[in-house]
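Right, one structure below, let's go through it.
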Protein chains: 2
Amino acid sequence: MKPVVTIEPNWQLCSDCAVRASAVCSSLDAVELREFEHLGRRVHFSSGETVFSEEDITTSFYNLVEGVMRLYKLLTDGRRQIVGFALPGDFLGMNVSGRHNFSADAIGAVTVCQFAKAPFGRFIEDRLHLLRRINELAIRELNQARDHMVLLGRRSADEKVAAFLLGWRERLVSLKGASDTVPLPMSRQDIADYLGLTIETVSRTFTKLERHGVIEIIHGGISLLDPAKVEALAAA
Amino acid sequence: MKPVVTIEPNWQLCSDCAVRASAVCSSLDAVELREFEHLGRRVHFSSGETVFSEEDITTSFYNLVEGVMRLYKLLTDGRRQIVGFALPGDFLGMNVSGRHNFSADAIGAVTVCQFAKAPFGRFIEDRLHLLRRINELAIRELNQARDHMVLLGRRSADEKVAAFLLGWRERLVSLKGASDTVPLPMSRQDIADYLGLTIETVSRTFTKLERHGVIEIIHGGISLLDPAKVEALAAA
DNA sequence: CCCCAAAATTGATCTGGGTCAACCGGCTTT
DNA sequence: AAAGCCGGTTGACCCAGATCAATTTTGGGG
């Protein structure tokens, strides 16, 4: 996968930004936003490209503006655990060691708002509300991480898949509105690596759910025919 | 387990506090510390007592001063996932929903420094450095959470146990200094629920490691006879 | 010191999900 | 339009770790 990074001339305005309301920048007022605009640079990545890698020195932070990314960690022997999928509005790259602690690559075309670390750090410096916002996002992610630990450690394959479908749908609600048709831009392998399963088990579980009339497997996603049943399967 | 909470008269001084250097309060100067002292109240819990429960309205934050706690989430059918063990210096209770997102109880006797939510929130309000410190702790925890996801989703029982022993030892280093004798105050069930295994598998893995001369099971813990071998087992 | 309950270990057996392998179908390349 | 490829599905079989079932060990209280 050869990098085909495109850097647009930075004529975008934050005020027009699609993720203005949900992203870190939601904590900025009009004046700050003007200054903030000069800090970030829109960058495009095409499908499969890596935005940053685990252990890389952190030189930038990223605000995902458009598209989907997979965030993952690799073991030396190639086993992979996807620790999350990023959606528009997600803020990536915060760490305390100066190095990224997971890798991130694009699933389909992606647009990010990239901030160089130092100027961004300076901008935050004395802006309590922005730091608060970042803190809030971190805590929110921490909760998600803990929920996911429960899923990985204590749930069966069926429960994992059901919980994944519901969780993913839920995340899409705030972006595209509620729908029982759930697009799944990521591959079966991605789903497997997110749920701590194999690709075969994910595939089999999907077909099982379909045979039971609970979902329908459609091109590029699934359709929830019986959301209540899926919720029952996901247990809790 | 009947609560036997003891609240000491609040004559403790933060400046004498055992966790002064590592806890949130490490970001406070002498003057602030004086004010901070009046905010917190030392509370003792005895073994097995619950400090707070998942879904409870958050009324306080806690700074663990002495002892060990297990932090866990339960499924409705009783399955439990321990999402972490807390050690002195750890700060507990931050959340964004107003409710705790996991339960916490004492493993052995515990002392915490308890802060009522509202005054603590007011104290933070305009203290950027304290918020920064809290943010740093949250990000650190997020990294640990992600590492743990890899363990839960992608590692074998042997690797899980080996990684746990090393990780736990590592955490104790900064508190009690380095040692190949690793105290394990938590039960086998706790370890199992932390690693996403059963108690039997944990027990068997310990005995297997002991048979291979890699560890020795001692009273209240284990001794690492061959740390290098354990590291090799933990892989990655 | 003895008793009892809880924790831990050990053994026998079972099974959910992994592994291995074949196959299918839609896209791209030529 | 044939060939090849890649992602996904399906089937057959296997095994790591769960489950079930005894013991054994530990620890606290009288």
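Throughout, protein chains are lettered first and strands after them, A, B, ... in sequence-line order, and every chain is numbered starting at 1. Only a predicted model underlies this, so the values are computations on that prediction, with no experimental measurement involved.
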### Message
Please check this pair: side chain of A/Thr205 against backbone of A/Val161, looking for a donor-acceptor N/O pair closer than 3.5 Å.
### Response
no

### Task
Could you tell me whether B/Arg146 and B/Glu141 make a salt bridge, using a distance below 4.0 angstrom between a side-chain N and a carboxylate O?
no

### Task
Kindly write out the residues that satisfy side-chain hydrogen bond (donor to acceptor under 3.5 Å, both in side chains) with A/Ser60, not counting sequence neighbours, or none if the list is empty.
A/Gln114

#### Entry: Sorted by number, the residues of residues 183-196 of chain B with heavy-atom contact under 4.0 Å to DNA chain C
B/Ser187, B/Arg188

### Summary
A/Ile199 atom CD1 is separated from D/dC6 atom P, nearest whole Å, by 14 Å

### Task
List for me each residue that meets side chain to side chain contact (heavy atoms under 4.5 Å, CB included) alongside B/Ala18, sequence neighbours excluded, and say none if there are none.
none

### Message
So, using ring pair (Phe, Tyr, Trp, His ring centres under 6.0 Å) as the criterion, who are the partners of A/Phe102 when residues are at least two apart?
### Response
A/Phe52

### Query
Would a distance-only check, ignoring hydrogens and angles, find a side-chain to backbone donor-acceptor pair under 3.5 Å from A/Glu159 to A/Leu151?
no

### Task
Please tell me which of A/Ala157 and A/Glu200 maps to the more 5' nucleotide of DNA chain C, matching each residue to the nucleotide holding its nearest heavy atom.
A/Ala157

#### Entry: Separation of atom CD1 in A/Ile107 from atom C1' in D/dG7, rounded to whole Å
15 Å

#### Entry: Residues that A/Gln144 engages under side-chain hydrogen bond (donor to acceptor under 3.5 Å, both in side chains), provided they are two or more places apart
none

### Message
Rounding to 10°, can you tell me the angle the first-five-pair axis of the helix from C/dC1-D/dG30 to C/dT30-D/dA1 makes with its last-five-pair axis?
### Response
40°

### Summary
Those residues at least two apart in sequence (or on a different chain) that pass side chain to side chain contact (heavy atoms under 4.5 Å, CB included) with B/Ser174 are none

### Query
Tell me, do A/Leu184 and A/Leu165 make a side-chain contact under 4.5 Å, heavy atoms counted?
yes

### Query
Which residue pairs pass the salt bridge (Lys or Arg N to Asp or Glu O under 4.0 Å) test with at least one member in residues 197-213 of chain A, sequence neighbours excluded?
A/Asp158-A/Lys208

### Task
Run through B/Val65, B/Thr111, B/Val110 and flag the one making a side chain to side chain contact (heavy atoms under 4.5 Å, CB included) with B/His44.
B/Thr111

#### Entry: A/Gln189 atom CD, neighbour heavy-atom count above 12 within 6.0 Å
yes

### Message
Taking B/Ile191's backbone N and O only, do any of them form a donor-acceptor pair with B/Asp193's side chain (distance below 3.5 Å, no angle check)?
### Response
no

### Query
Going 5' to 3' along DNA chain C, which nucleotides are the first and last within contact of chain B (any atom under 4.0 Å from a heavy atom)?
C/dA8 to C/dA12

### B/Leu152 CG to D/dG17 P, straight-line distance once rounded to whole Å
13 Å

## Note on the structure
In numerical order, the residues of residues 67-87 of chain A whose heavy atoms come under 4.0 Å of DNA chain D are none

### Message
Any residue in residues 201-210 of chain B with a heavy atom nearer than 4.0 angstrom to DNA chain D? Just list them by number, or reply none.
### Response
B/Thr201, B/Arg204

### Pair B/Asp180 + B/Arg169: basic N to acidic O under 4.0 Å
yes

### Message
Taking ring pair (Phe, Tyr, Trp, His ring centres under 6.0 Å) as the definition, give me every residue that meets it alongside B/Phe85, ordered by chain and number, with sequence neighbours left out.
### Response
B/Trp168, B/Tyr194

